[in-house]
Amino acid sequence: MNLLDNLNPEQLAAVTLPSQSALILAGAGSGKTRVLTTRIAWLIQTSQVSPAGIMAVTFTNKAAKEMLSRLSAMLPINTRGMWIGTFHGLCNRLLRTHHRDAALPQSFQILDSQDQLSMIKRMLKALNVDDEKYPAKDLMYFINNAKDNGRRAADCEAYDHVQKRMVELYDAYDQQCQREGVVDFAELLLRAYELLQRNHPLRQHYQMRFRHILVDEFQDTNDLQYNLLKLLAGHHEPAGGAIFAVGDDDQSIYAFRGANVGNMQAFEREFEVKNLIKLEQNYRSHGHILDTANFLIANNKQRLGKNLRTDAGQGEPVRIYEASSDLEEAQWIIDEAKSLMGEGVPRSEIAILYRSNAQSRVIEHALFAAGIPYTVYGGLRYFQRAEVKHAIAYLQLMDNPHNDSAFLRVVNFPTRGIGARSIEQLQMAADSYGVSLYAAVPHMTGKAGTVLSNFVKLIESARFETQQLPLPEMVKVVLERSTLLDHYGKEKEGAERIENLEQMVSAATHFVQEEGFGVTAPAHLGPQAAASSGAAIVNLDGIELLDADAPLAAVMSPLSAFLSHASLEAGDAQAQAGQDAMQLMTVHSAKGLEFDAVFITGLEEGLFPHESSSRELDGVDEERRLMYVAITRARKRLYMSFTQQRMLHGQTRFNMKSRFFDELPEESLKWLSPRVQTKWFGGRNSTTAWDDANFRENGSDNQIARQITQKSSSDKGIGWRIGEQVAHARFGEGVIVNIEGGAGSPRALINFGGAGMKMLDLSVAKLEKVAR
DNA sequence: GCTGTTACAGTTTTT
DNA sequence: CTGTAACAGC
């Protein structure tokens, strides 16, 4: 079958573009991954490039794997020669290959965010920094932000004392990392960038090699990533290759972590892009859903401009539901989901989305009570679990004993009588000699010296014993020698932890097979053996260059590679409990996924759009894009809901319905009337199903309902109630949050959303009731 | 060194 | 309301 069969005209045009830089605006569900992979396959099949000339960059391991597997289904060739992976994965590979030029030890280790934070905390303590004035989290943010913008401490401008100190601390942090032989995530990219920038021949080598660089989710690139791409592509350099950038500015939802949508326009301008192709044909959603998405996103300014279309027909309207409370919202979701399942929709095809994780609780509770299987995305990942991190720390120390984070994690775990005092002394010794904790152990005397050197002996002997062993065997020995298995064996709830630890052996087995270790080179030999067994080392201007097809085994030992893998690919979040379970996740984590039926919940001012977004520049636009992502996840059925009252942080909040509802096409919507209606007139409430239901549901809601009843009855004659939606000539629509002052001087605290909270005198203010 | 108490903060997330 | 982090006490 021909590669190009079944592509639509735009897709075909994109796939077969000439070898120039191009920007593909790929709407949601427009076959973006298909275009990317087919482009690669087509380039190779038509002999325009060899596999080694291809680099494809993604943000997540999942996307990289997806690409690789689709590609190997398409092409009967070895995908090994291609560099396909995440930014971090590829930079890791680059830095391992050229570790000398990058001034890194061969077995440098990668800190995850947790390790990075604890390292910063440790440093602040050692330097006696006031952690009130310089919180570790702030410093970490500062450092990562600087690195993401390509700035070293020396490049940072400081306008005041605090900033000046931050820059000093940034510098101290980098030095400490260098001493320990560790790099954080941002450092991987920055080092790679600096390496290529500084090293002309090396840069030229890669520029000539990678004729085609394909970038997925281009709208998510930060400035450093974009600059790295510019270097690799040889932007304005003679050897330069072409960048095939695929992205969607309407799905840019990661500004908060440094992503810069502006990179798309910058790319178009700087690379003088002549080929801009829009993929607007959507293969996912029915018409009403797509219309809803298009209508909403049209409210954003500064778009590159795109309108999705479908051949699928209008389908069902988007259903909107107003719930009286978060509990009732959850109950409604369950009722609707049940009827969907009755129509034959599998549970796994039903997704419940929310803006923030805290919202999942109530829904989970209701699902649990209803006995419906569900999975929540975003739990603890395998390699993040405490017991696994402990085992990894032992392995890290065996591969690089100067990793202080690893040292501190396990020096007294399981406990071996090394207390805080000993560690403090050791820390002081290490600081005064300017060495790692491990290297400072010989300077210790007395009892502390003895126990510490016993720990060092444990690590050394484990290293010695496992030198000749393949990786999975090595892991097995470490689990035994560290006494981690014994330790958890004695714990009451240790069974699951032991299971996780034992799973590490199979993870190692799997890894060794997957990455080709032990095939090219015996596990214990590593770089040299691999080099002599085929991967040629080319010498170019005195720079070591490995042959294009050098396997991972040629540039790092199996252990180093496995440890990188553990840091860069944190593994799956918890084993998928039931195969067929409803899917709960944040809107962010839903990006890239699709479902037959989608519920978007908590569509209230303050929640979605989130209140903090109004403080940020273009914050609401980003929230709108987030909403756009949420809508476009649905294939056939889309539900949206909001509530009159919601429990958040232990307090009941009354929010207006989301402004986004005003931006949707009425003809595509179906407002489900609340199944219960509240009617309060002049403080005289006609008891309705609404509060009946609430009184019955549970204690806390009960209380709230009673509170409201009390409030309104004490405000007899005023005619307003808490939770009611009102309109004001100047402030627009709002919702009454509180009423005080009694009949004498009644005042209402009203949440006007964008216009803020106002306290209005009810006898004066001109308020209108708004039907919802 | 471990356990219980209190204080406090509290979007979104991948690597 | 809930999870985490820091500290006091056994």
Side-chain angles (χ1 to χ4, degrees), chain A residues 57-64 85-92 110-118 121 125 131-132 135-137 144 147-148 183-190 192 216-217 220-222 224-225 252-259 326 353-362 365 377-381 383-384 412-423 491 564-571 573 585-592 602 606-616 619 622-623 625-627 629-630 646-653 699-700 703-704:
Chain A
V57 201
T58 64
F59 279 86
T60 64
N61 293 297
K62 201 176 156 202
T86 62
F87 275 101
H88 294 84
L90 296 180
C91 288
N92 180 41
I110 301 162
L111 295 180
D112 64 23
S113 320
Q114 218 181 3
D115 294 335
Q116 187 188 17
L117 185 64
S118 66
K121 281 182 180 164
K125 203 170 247 176
D131 56 357
E132 294 273 290
K137 283 215 170 110
N144 290 338
K147 289 188 179 184
D148 285 344
V183 299
D184 58 52
F185 287 131
E187 183 74 22
L188 277 174
L189 303 195
L190 185 52
D216 191 20
E217 306 278 18
D220 288 340
T221 52
N222 64 31
L224 179 56
Q225 286 159 343
S252 162
I253 56 171
Y254 285 115
F256 71 90
R257 66 176 198 208
D326 44 357
L353 311 185
Y354 33 81
R355 173 67 238 264
S356 65
N357 288 304
Q359 288 165 250
S360 76
R361 182 170 235 85
V362 178
H365 202 83
Y377 268 54
L380 250 203
R381 313 265 275 293
F383 284 109
Q384 315 259 59
N412 195 35
F413 191 92
T415 48
R416 44 176 74 86
I418 302 175
R421 303 166 307 282
S422 310
I423 298 300
E491 255 188 17
S564 301
H565 168 81
S567 304
L568 292 177
E569 203 168 334
M585 66 192 83
T586 63
V587 180
H588 279 93
S589 35
K591 190 175 162 208
L607 249 185
F608 201 176
H610 197 273
E611 53 201 352
S612 54
S613 70
S614 56
R615 288 193 285 276
E616 285 146 27
E622 175 128 332
E623 296 286 307
R625 291 191 289 268
L626 199 50
M627 180 70 184
V629 167
R646 167 181 306 280
M647 192 68 120
L648 197 66
H649 306 327
Q651 278 187 317
T652 308
R653 296 180 30 150
S700 66
Q703 260 181 352
I704 293 154

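Just so it is clear, the structure is predicted and the values come from calculations on it, not from any experiment.
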Between protein and nucleotides 1-9 of chain B, map the contacts as a letter string: B base, S sugar-phosphate only, - none, heavy atoms under 4.0 Å, written 5' to 3'. SS-------
Nucleotide by nucleotide, nucleotides 2-10 of chain C touches protein heavy atoms under 4.0 Å in the pattern (B base, S sugar-phosphate only, - none) SS-------
What string of B, S and - do you get for nucleotides 10-15 of chain B, 5' to 3', when a contact is any protein heavy atom under 4.0 Å? BBBBBB
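Two residues are said to be in side-chain contact when any heavy atoms from C-beta on lie closer than 4.5 Å; A/E187 and A/L111 fail this criterion. With contacts defined as side-chain heavy-atom distances shorter than 4.5 Å, the pair A/L117/A/K137 qualifies. Between A/F608 and A/V587, the closest side-chain pair of non-hydrogen atoms falls below 4.5 Å. Considering only heavy atoms from C-beta on, A/Q116 stays 4.5 Å or farther from A/F185 through its side chain. In this structure the side chain of A/T586 never reaches within 4.5 angstrom of the side chain of A/R355, judged on heavy atoms.
Using cut-offs of 30° and 60° on the angle between ring planes, the pair A/H588 and A/Y254 is tilted.
Scored by the side-chain hydrogen bond (donor to acceptor under 3.5 Å, both in side chains) test, A/Q225 finds no partners at all (sequence neighbours excluded). Residues that satisfy the side-chain hydrogen bond (donor to acceptor under 3.5 Å, both in side chains) test with A/T86, not counting sequence neighbours, are absent from this structure. Every residue meeting the ring-ring contact (aromatic ring centres under 6.0 Å, His included) condition with A/F413, not counting sequence neighbours, appears here in chain and number order: A/H390, A/H487.
Straight-line distance between the C1' atoms of B/dT11 and C/dA6: roughly 25 Å, to the nearest whole Å. Nucleotides B/dT14 and C/dG3 have their C1' atoms positioned 23 Å apart, rounded to a whole Å. The separation of C/dA5 from B/dT12, taken at their C1' atoms, amounts to 23 Å, rounded to a whole angstrom.
The pair A/D220-A/K591 meets the salt-bridge criterion, since a charged nitrogen lies less than 4.0 angstrom from a carboxylate oxygen.
By the rule that a glycosidic angle within 90° of 0 means syn, B/dT11 counts as syn.
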